[in-house]
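Here is the structure we will look at.
Note that this is a predicted model, so its numbers are computed, not measured.
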Amino acid sequence: MDPLLVDTSLDLTNCEREPIHIPGSIQPHGILFVLSEPAFTIVQVSENIVAFFGFTPDMVLNQPIDTIIGQKNAATLRETAQKDLQVVNILVFHLQMDGEECRFEGIIHRTDRLLILELEPVQHDVPVASLELYNTIMHIMTHLQKSANLRELCQIGCEEIHKLSRLDHVMIYQFDEEWNGTVIAEAKQDDRESYLGLCFPASDIPAQARQLYLKNWLRVIPNVHYQSTALVPVLNPITGAALDMSHCTLRSVSPLHIEYMKNMAVSTTMTLSLISGEALWGLLVCHHQTPTYLSHTTRYACELVGQIVSSFILGKEEHDHFMYEWKIRTIQGSLLGYLPKEENLVEGLVKYSANMLELVNAKGLAVNVMDHYVTLGGVQQCVKAGQCPDNAAIQGLVEWLQHHMVGIVYVTNSLPEVYEPAQKFKDIASGLLAISLSSQKTDFLLWFRPEVIQTTTWGGDPTKSVVMEKEGMRLHPRKSFEAWKQTIYMTSLAWRESEVDAAVALRGILVDMARRDRIIKQRLRAWLHHD
């Protein structure tokens, strides 16, 4: 297959302009009919109809669908077409092919006021008892429901799809805010390479592909080495435009995606959308090394499992978040109960330093009150020890905050990027959460996090998507999926919103304690002066 010739300024993100919803062709393991209602006249058909039924496209165009599927099946089609096709759209026909009766499974849906009928011959006609399938799905749902957290949910989902589909490699791929994806769970044959933990750039699944995954929960490519079969005529005679195939199961696949799969040594793929709320949360991706046809029963059982996993995602995320929030609030409640009983703010913070550090998951704490500070590090109560900068460094940081802090809180997980002197102590204070305890910004509470050298392991170098060839710059999906590491320095773990909120919530009582300390000192000085 020839790669796509592109301009020298292009990279893989240009495939976002590829019109993948109107390819004008299908995968050849089925036949597609476009019908006009109410007569159910064939206005478009895939050219491979001749291979299945011996009719050329010209012979069936403008003829009723009865010509192909017979009056009895056509009556069933008409009856089903009157129902809600989002709920009921699967049909079973017994048709003559090469002089023998064969079972076909059909799917129907509407687009642009046209009825689309897709037929696939059942290659492995092994009926599955409805009760057996029901019991299998109920078992899987119970197993998923009992998962302790999000990661366990995803792992169980992979394992169950692996059993149902019998495909080599099943992965769950979670999107981040920038649409990069990370493999967070997998189930595979022992001889398959693991992708667990690998990241894949957003350009691998461009925006318009993600939109299609929102519309279609299930996408199957039985054989990536297929030769596509075109629709006849190319433009729909009723709309005068290319057929919108967004919801077509047989829709042909982007040449870029096909090359991508071949580069991964994959012959069969099945992709299930994972949707949380109304957003595409991730994908459940299945790979197989050899061409494999999956029956509709298997496909839709897997799709149902994918939908069950999707329905649990939000709840598991909320549960994980709640458990962490509960931990923070428990610590916060203890501090709010203990600290007001202490006679001195600094001494109180020293006494409960372990709780203060655990509150925001920090490794170091500094209290700077009226130019007097005490430092605490690690989980042990100590002065000028552990994971805190030295006295001079803290004083310099406080002076910088007095000029750069807006409001009562300052948060960063890459302090050396905004405050150059911090590069000297990045190993202990790449992250800073600072709370001002006075309107004059003379009193501060500072939490520190050490540098975490963050290594993102990509599935191949994400920058290697444009290749120079003799003909010029050509667009290729990358050929190597060996782990490619990108390392980020001078950063800490990011501060969670709940951690910052807990620190701010604690500020009120600390401000009161600082005010109380000042009043006591003022009265003491006045008494001494009077004496």
Can you tell me how the ring of Tyr260 sits relative to the ring of His257, calling it parallel under 30°, perpendicular over 60° and tilted otherwise?
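Answer is parallel, since the angle falls under 30°.
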
Could you give all pairs that pass the side chain to side chain donor-acceptor pair (under 3.5 Å) test and reach residues 144-153, with sequence neighbours left out?
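Side chain to side chain donor-acceptor pair (under 3.5 Å) check on residues 144-153 returns Ser147-Lys316.
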
Got a sec, which residues hit salt bridge (charged side-chain N to carboxylate O under 4.0 Å, His left out) with Arg496, two or more places apart in sequence or on another chain?
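Once residues adjacent in sequence are excluded, Arg496 has no partner under the salt bridge (charged side-chain N to carboxylate O under 4.0 Å, His left out) criterion.
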
According to salt bridge (charged side-chain N to carboxylate O under 4.0 Å, His left out), who are the partners of Lys188, at least two apart in sequence or on a separate chain?
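Expected list: none.
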
State which residues pass side-chain hydrogen bond (donor to acceptor under 3.5 Å, both in side chains) with [X]; sequence neighbours excluded, sorted by chain then number.
| X | answer |
| --- | --- |
| Thr269 | none |
| Gln189 | His162 |
| His319 | none |

Which of these, Trp400, Phe444, Trp495, sits in a ring-ring contact (aromatic ring centres under 6.0 Å, His included) with Tyr410?
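When Trp400, Phe444, Trp495 are each tested with Tyr410, the ring-ring contact (aromatic ring centres under 6.0 Å, His included) holds only for Trp400.
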
Exam field: side chain [X] to backbone [Y], donor-acceptor pair closer than 3.5 Å:
| X | Y | answer |
| --- | --- | --- |
| Arg219 | Thr271 | no |
| Ser254 | Leu256 | yes |
| Glu186 | Tyr195 | yes |

If only side-chain N and O atoms count, and only distance matters, is there a donor-acceptor pair under 3.5 Å linking Glu499 with Tyr324?
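Glu499 and Tyr324 do have a side-chain donor-acceptor pair below 3.5 Å.
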
Using distance alone, with no hydrogens and no angle criterion, decide if Glu317 and Trp281 have a side-chain donor and acceptor under 3.5 Å apart.
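Yes.
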
Taking all heavy atoms of Gly306 and all of Leu274, pick out the closest pair and write down the distance.
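Gly306 and Leu274 have their closest heavy atoms at O-CD2, 3.7 Å.
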
Between Trp326 and Phe322, does the ring centre distance come in under 6.0 Å?
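Between Trp326 and Phe322, the centre distance exceeds or equals 6.0 Å.
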
Please find out if less than 6.0 Å separates the ring center of Tyr419 from that of His404.
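No.
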
Check the pair Ser252 / Tyr226 against side-chain hydrogen bond (donor to acceptor under 3.5 Å, both in side chains), numbers first and verdict last.
CA-CA 10 Å; Ser252 198; Tyr226 75 88; 2.8 Å; yes

